[in-house]
Each structure stands twice: as C-alpha cells, then as structure tokens.
Amino acid sequence: QAQLVESGGGLVQAGGSLRLSCVASGRTFNRDGMGWFRQAPGKEREFVAAINWRGESTYYAESVKGRFTISRDNTKNTVYLQMNSLQPEDTAVYYCAHAAISGLAATRSLYDDWGQGTQVTVSS
C-alpha cells in the first residue's frame, strides 16, 4: 500500500497559478503510473491528469488540457501538478492517486491508493 501526501493547495485569483506536490512512500513508486483527480462540492470525483512510470507519457482531461502539466521526479518519489490560468470552475479538492499499472490510467478504477486531498480555491 502506498502512502500519498499532497501539498500546495490554497486560495488564488482567477488567472493565477498553483503547483501541487504529492510525495509517495511504501511502494515501488518508480514502477507505477500516477494521477491527479479532483472533486468539487456536490460532484463526483473526476480525472484530471495521468503520467506513466517513466514520466515520458501524460494524459489530460479536456477541461485542463493546455493549462495543467503533470510531471514526476522518481528520485524524490514525487509527482507534481502545475496549474496555470486557473478558473473558478477549477475549485475542488485535488487528490493524488497511485495507479495499479505502469502506464497511463485515466479511469478511477485503475487506482488503488489515494492521498487525503488538498483544497484549491479559485476566486473570480
């Protein structure tokens, strides 16, 4: 089982940027895909971005494509989500997740461990 700890959330004005970090421990992080999801109040948790184990392949939800960038540093067991041009509709709790596969995982069922989440609030 992986332990995932997110950080970097906060309050930002529309058009601003935030960088989320997720430090993983307890599993072979370097061999596994990772992802970010988010959940807004009253809504289902939705996929945001995924990265494969090497960090060479990424995949994004259409709603964030071109604004968000997922990356990883396997020497630090850390995955990042750089979020630019933030909009009020990006407001949510953001969750880091560990995939049960080494490749890209865009569906929630392919993830087996989750962080506790970090709040991102974008004001208009």
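Treat the numbers as computed from the prediction; the structure is a model and nothing was measured.
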Okay, side chain of Glu6, backbone of Cys22: is any donor-acceptor separation there less than 3.5 Å?
no
Not counting sequence neighbours, which residues clear side chain to side chain contact (heavy atoms under 4.5 Å, CB included) with Thr107? List them please.
Ser109, Leu110
Applying side-chain contact (heavy atoms from CB on, under 4.5 Å), run through Arg38 and Ser63 and close with a yes or a no.
CA-CA 12 Å; Arg38 66 186 182 186; Ser63 59; 3.5 Å; yes
Rounding to 0.5 Å, atoms OH (Tyr59) and NZ (Lys65) come to a distance of 6.0 Å
Other cluster members, Val120 - Ile/Leu/Val/Met/Phe/Trp/Tyr, side-chain contacts below 4.5 Å
Leu4, Val12, Leu18, Leu20, Phe29, Met34, Trp36, Val48, Ile51, Tyr60, Val64, Phe68, Ile70, Val79, Leu81, Met83, Leu86, Tyr94, Val122
Does the pair Gln119 and Thr91 meet the rule for a side-chain contact (heavy atoms from CB on, under 4.5 Å), with working shown?
CA-CA 8 Å; Gln119 177 69 47; Thr91 295; 4.0 Å; yes
Which residues satisfy the side chain to side chain contact (heavy atoms under 4.5 Å, CB included) test with Gln82, sequence neighbours excluded?
Ser17, Arg19, Thr69, Asn84
Please answer whether the main-chain N or O of Val5 pairs with a side-chain N or O of Gln116 as donor and acceptor at a distance below 3.5 Å.
no
Which heavy atom of Pro88 sits nearest a heavy atom of Ser124, and at what distance?
CG-CB, 3.8 Å
So, using side chain to side chain contact (heavy atoms under 4.5 Å, CB included) as the criterion, who are the partners of Gln87 when residues are at least two apart?
Ala14, Arg67, Glu89, Asp90
Would you say that Asn30 contacts Thr75 through its side chain, given a criterion of any heavy-atom pair below 4.5 Å between the two side chains?
no
Nonpolar side-chain network containing Trp53, other nodes, edges under 4.5 Å:
none
Under 4.5 Å between side-chain heavy atoms, counting indirect links through other Ile/Leu/Val/Met/Phe/Trp/Tyr residues: same cluster for Tyr111 and Leu104 or not?
yes
Sorted by chain and number, sequence neighbours left out, side chain to side chain contact (heavy atoms under 4.5 Å, CB included) with Arg108 holds for Phe37, Arg45, Trp114
Below 4.5 Å, heavy atoms only, C-beta onward: do Arg31 and Ser102 meet side chain to side chain?
no
Using a 6.0 Å cut-off, check whether atom CD of Glu56 has over 12 heavy atoms from anything other than its own residue.
yes
Expected output: side-chain Asn52 to main-chain Ser57 donor-acceptor under 3.5 Å
yes
